[in-house]
Amino acid sequence: MADLVQSTDNSHLPVAIIHRAPNFKFSSSWATDIFTPIEPSDPLYPTHRPSARVIIVMALTPLKSEHLDLYPSVECVIGTTAGVDHIDLAECRRRNIRVTSAGDAFSEDGADYAVGLLIDVLRRFSAADRYVRAGLWPVKGDYPLGSKLGGKRVGIIGLGSIGTLVAKRLEPFGCTIAYSSRNRKSQLPYVFYSNVLDLATNSDTLIVCCSLTDKTHHIINSDVLTALGNRGIIVNIGRGGLVDEKELVKFLVEGKLGGAGLDVYENEPEVPKELFTMDNVVLSPHRAILTPEAFEGVREVMVGNLKAFFSNKPLLSEVNLSD
Amino acid sequence: MEAIGVLMTYPTSTYLEQQLDKRFNLFRLWNVSQKTEFFKQNAGSIRAVVGNANIGADRELIDSLPALEIVSSYSVGLDKVDLGYCKEKGIRVTNTPDVLTEDVADLAIGLILATLRQICECDRYVRNGLWKKGDFKLTTKFSGKKVGIIGLGRIGTAIAKRAEAFNCPISYYSRSEKPGSKYKYFPSVVELASDCQILIVACPLTEETRHIINREVIDALGPKGFLINIGRGPHVDERELVSALVEGRIAGAGLDVFENEPHVPEELFGLDNVVLLPHVGSGTVETRNAMADLVIGNLEAYFNNKPLITPVV
């Protein structure tokens, strides 16, 4: 269980507020020589609250205006996840507060998982594994054929650190890579489309890797699904809000979409029940980036950012708040 | 060519069956109830056998078909064809290499991801309504892990190429070292297994490679190691593998093939660190059609006195 109250006197170390949901288990044993963690339940909280310069946001605990109001001296918010849509970035910008994310710590695992989901959907791994475990192979014979990955046109939405790694992994499989992103990346050899609709028209698969903002909410809508076509596949490892989930389910139910690999949903942990009986859908409980190795990486990024902040050096993984 | 008798051994592909039926006098072995009677009636006209990974052309079948001239296998693996006997009797043999290389290599990488990241297990977790009760556990990262490949042929090389994109250091075991290969060579499977974390079987099944994955190799792979088998079931001492998995002596396994297909050891059904696939290595519409075309192409070439496309014997 969480054990935050330090019995030794660490008052010479700078303070960081720990912002977490009550049921989130947290241990700061890795940071006892870098900062003093303080949270609302701590007896020293009233002393440090007005002067604390740093807030560490654990997991996806929302950080809103009312929370920022409690910390008038905060200058930096340390995020610990890949996505930062749970942090009110506009408010941070208004208050001149800098924000960091987990940077690239999760990117490899995220990219690996996206590829894993895509292969699973195309080659029907989860469905076939179910088939074997149900004892159906000797009874019903060979499992129906899947679809080849090679030669498929893959469209990546968001060519950031995760999207770039997805592209790199899919190249040797013989996929053609194209993308849509806020900015064209001319140093990369992939075809750029300025909008997702054009990307969808020219793709067999869309892999959603971008961050969730006001601009990208429901970026996958019925027009995009129609353009993708009834053999099209959607893989989403971004955020549930990037996809119009009701439309997605409708398209799948009506056979107007080839399949989907989903790690995120609009209202987690709720997953539309219509999907539970489909063999062309793979459902994952928001695990794309969760490996012990990734957590090790996040810890390193957090420590790096904290050290940089407290010594007035450039932050490692600062989020650009100016979009 | 309709007079030429062709015996198809297994109902593996409707497309292949249709194509054979159009061109030849097709016999379907799976519909034969009285074998002796069947061979008495038809053996004289059967000049070709189309086999697959389930039923090929063993000595007994070859002896039943005195007019047999060519075996065209709907597979790349030829462990079910008595190659030595075919050579002795001057019977040509073809298989389907290259067209299925990519699908099988894709499957190997997919199996690694599905096994290490427990993707199928995650799907089960959601479908069983367990996510509402709590989060699924952490799983094992793939990128950067050491990959060891047994057999660096077409399929092994294609697997290596894919794994490299995940920043995996690649090593291999082969009958002999490949000159000029950028991957690290190990002269024995045990040494390969000791060094790597993910061991992949990608070699042909022969007398020498039967049970190439035995207790010693499994012990060398160890409790953090994963086994991926996309070769043939008999490559692995299945009983040893099952006990190692049940006892946690290796970390997990991704298996597309089994010693006694379609039977899969039921002890595996309850494990969350295995992925069990019903021999789908080349199982895509695109590849199976290409394989069928290659079988037909080889037969047509043979009966038109043209060079075989993909001869083995």
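Here is how names work: the chains are called A, B, and so on, in the same order as the sequence lines, proteins then strands, and each is numbered from 1.
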Hey, what do you get for [atom1] ([X]) to [atom2] ([Y]), rounding to the nearest 0.5 Å?
X: B/Thr140; Y: A/Asp112; atom1: OG1; atom2: CG; result: 11.5 Å
X: B/Ile119; Y: A/Leu283; atom1: CD1; atom2: CG; result: 12.5 Å
X: B/Lys161; Y: A/Glu171; atom1: NZ; atom2: CD; result: 10.0 Å
X: B/His279; Y: A/Asp142; atom1: NE2; atom2: CG; result: 9.0 Å
X: B/Ser13; Y: A/Leu145; atom1: OG; atom2: CG; result: 8.0 Å

Under 4.5 Å from any heavy atom of chain B, what part of [X] do you find: side chain, backbone, both or neither?
X: A/Ile119; answer: side chain
X: A/Leu117; answer: both
X: A/Ala288; answer: backbone
X: A/Val139; answer: neither

Under 4.5 Å from any heavy atom of chain A - which part of [X]:
X: B/Leu116; result: neither
X: B/Arg288; result: side chain
X: B/Phe142; result: both
X: B/Leu130; result: neither
X: B/Leu113; result: side chain
X: B/Lys145; result: side chain
X: B/Leu255; result: neither
X: B/Val264; result: side chain

When heavy-atom pairs shorter than 4.5 Å are enumerated against chain B, which of [options] gives the highest number?
options: A/Ala127, A/Gly116, A/Pro138; value: A/Pro138
options: A/Gly261, A/Gly135, A/Ala128, A/Gly146; value: A/Gly146
options: A/Glu268, A/Glu293, A/Lys168, A/Arg133; value: A/Arg133
options: A/Pro144, A/Pro285, A/Ser126, A/Pro172; value: A/Pro285

Next on the checklist: Assess the residue pair A/Phe173 and B/Ile109 against the criterion (side chain to side chain contact (heavy atoms under 4.5 Å, CB included)); give the C-alpha distance rounded to whole Å, side-chain angles, the decisive distance to 0.1 Å, and a yes or no.
Outcome noted: CA-CA 10 Å; A/Phe173 288 84; B/Ile109 301 295; 3.7 Å; yes

Close side-chain approach of [X] and [Y], heavy atoms under 4.5 Å:
X: B/Leu138; Y: A/Phe295; result: yes
X: A/Leu290; Y: B/Phe136; result: no
X: B/Thr284; Y: A/Ser147; result: no
X: A/Tyr113; Y: B/Cys122; result: yes
X: A/His286; Y: B/Val126; result: no
X: B/Asp123; Y: A/Phe125; result: no
X: B/Arg117; Y: A/Asp120; result: no

Item to check | Flag, side chain of A/Glu108 to backbone of B/Ser143, donor-acceptor distance under 3.5 Å | outcome: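 No, A/Glu108 side chain to B/Ser143 backbone: no donor-acceptor pair under 3.5 Å.
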
Checklist entry - Counting distance only, does the side-chain N/O of A/Arg123 pair as donor-acceptor with the main-chain N or O of B/Val280 below 3.5 Å? => result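 Judged by distance alone, yes, a pair lies under 3.5 Å.
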
Checklist entry - Yes or no on side chain to side chain contact (heavy atoms under 4.5 Å, CB included) for B/Trp131 and A/Ser284, after CA distance, side-chain angles and deciding distance? => result CA-CA 9 Å; B/Trp131 194 12; A/Ser284 167; over 6 Å; no

Item to check | Test log, rule side chain to side chain contact (heavy atoms under 4.5 Å, CB included), inputs B/Arg162 and A/Leu170 | outcome: CA-CA 8 Å; B/Arg162 285 153 175 73; A/Leu170 286 176; over 6 Å; no

Salt bridge present between [X] and [Y] (N-O < 4.0 angstrom):
X: A/Arg169; Y: B/Glu164; result: no
X: B/Arg124; Y: A/Asp129; result: yes
X: B/Lys141; Y: A/Glu296; result: no

Next on the checklist: Pair B/Asp135, A/Arg287 - check salt bridge (charged side-chain N to carboxylate O under 4.0 Å, His left out), show working.
Outcome noted: CA-CA 9 Å; B/Asp135 282 335; A/Arg287 296 281 96 182; 3.8 Å; yes

Checklist entry - If you look at every heavy atom in B/Leu277 and A/Trp137, which pair is closest and at what distance? => result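 Taking every non-hydrogen atom into account, O-CZ3, 4.3 Å.
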
Item to check | Minimum heavy-atom distance between A/Lys148 and B/Val99, given as atom pair plus value | outcome: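 For A/Lys148 versus B/Val99, the nearest heavy atoms are NZ-O, 4.4 Å.
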
Checklist entry - Do other residues, nucleotides or ligands put more than 12 heavy atoms under 6.0 Å from the NZ atom of A/Lys140? => result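 For A/Lys140, atom NZ is not crowded (no more than 12 foreign heavy atoms under 6.0 Å).
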
Checklist entry - Got a sec: does the CZ of B/Arg28 have more than 12 other heavy atoms crowding it under 6.0 Å? => result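 Yes, enclosed.
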
